[in-house]
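What follows is one structure encoded as structure tokens, with my remarks underneath.
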Amino acid sequence: MSSSGLTVLDYKALPKIELHAHLSGSISRQCLHEVWLLKKAAGETDLQDPLIEMPPGKHDYDLKTFFPLFSSYIYNLVNDAPTLRYTTLSVLRDFAEDGVVYLELRTTPRAMPAAGLTEADYVQTILDTIADFERSPEGKTLRTKLILSVDRRNTAAQARHVLALCKQFQRLGVVGVDLCGNPAVPLDARRLGPVFEEAREVPGLGMTLHFAEAECSGGDAELDALLAWRPDRLGHVICVGERVRREIVSRKGVGLELCLSCNVHAGMVRGGFESHHFGEWWKVAGAVVVLSTDDVGVFCSPLSNEYALVAQHFGLSRADICGLIRNGLDVIFGGEEEKSRLRDVLWEA
Ligand SMILES: [Zn+2]
């Protein structure tokens, strides 16, 4: 029982919105293990068992160990269409079981040449899996949209291709574009800026950016460049000084996707949960804070637990929690029809 009087089970029952979840990072260790067993039996992999590679209980992945986990392990296991479908379905099921009613999943389009998949096939496979899940009985409470991510390392041509895919699949459920990737990689805003400025002009396409995730990506030049792209939402918002903070507030209604467990376990904030910047932001008029998980497969704190954590560490009441979830509705990318469905679902809770 937390200070707000809600049990963990109640947080699960509460209909929730998740806006910052990476597809590959949201795959549970158990699901990866199941994939590995199948591939091992078929003689298709030499990789180590995921339960050894990522031992249960290990959550302290930092900037040095987090990104290699994907490039040298998870991407090598999830390397064909059947596995992509299987893992996507497992992620959708996990969010639905946790009481998420609206989900924006994000992913960097990834070709799988050995399996004959192009980036477009990759996106199509995920969208097909989402559609299949939504038609199934277990998927009837969750609606899922897709955000396509540009990686900081991308060339202008690669970024332009991501934007082209956003436009190609917009009608089928792609609702936004993201900037993601290792914050230790310097951002070349002159290279990627024109692509995001073009994305800004695409009707109905939202824009979210990983923002000030680490000190190395929190310099004035980078943050000013990112804000000049006029994003609708910002992810993490950890290393911001007073001037940038005032700039964010002055824009009124920018969504802030804050991820507590990820930031604390990865050592991106100092001082544990109590000193997480959620405490500074959640009451600020002009900002819309949306609690999110980032990579629940790695950090193992489902969204219901993130709400339990803010209740515990910042004293939010049940009314505060419901208010927080409902405010998030203002910054979803899913359109008016989805907002009106969610109004019914969230105000009933
Ligand atoms: Zn993220």
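We count residues from 1, following the sequence as given. For ligands, and for the atoms within them, numbers begin at 1 and follow the listed sequence.
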Next on the checklist: I'd like to know if the side chain of Tyr102 pairs up with that of Thr144 as donor and acceptor (distance under 3.5 Å, no hydrogens or angles considered).
Outcome noted: no

Checklist entry - Do Asp98 and Ser304 have side-chain N/O donor and acceptor atoms under 3.5 Å apart? => result yes

Next on the checklist: Is it the case that the side chains of Ser292 and Glu257 hold a donor-acceptor pair, with the cut-off being a distance below 3.5 Å and no angle test?
Outcome noted: no

Checklist entry - Just checking, any donor-acceptor pair under 3.5 angstrom between side chains of Thr129 and Asp132? => result no

Checklist entry - Hey, is Arg110 close enough to Glu119 for a salt bridge, meaning N to O under 4.0 Å? => result no

Next on the checklist: Around the Zn ion (ligand 1), how many protein N, O or S atoms are found at less than 2.8 Å?
Outcome noted: 4

Checklist entry - Are His236 and His277 near enough that their ring centres are under 6.0 Å apart? => result no

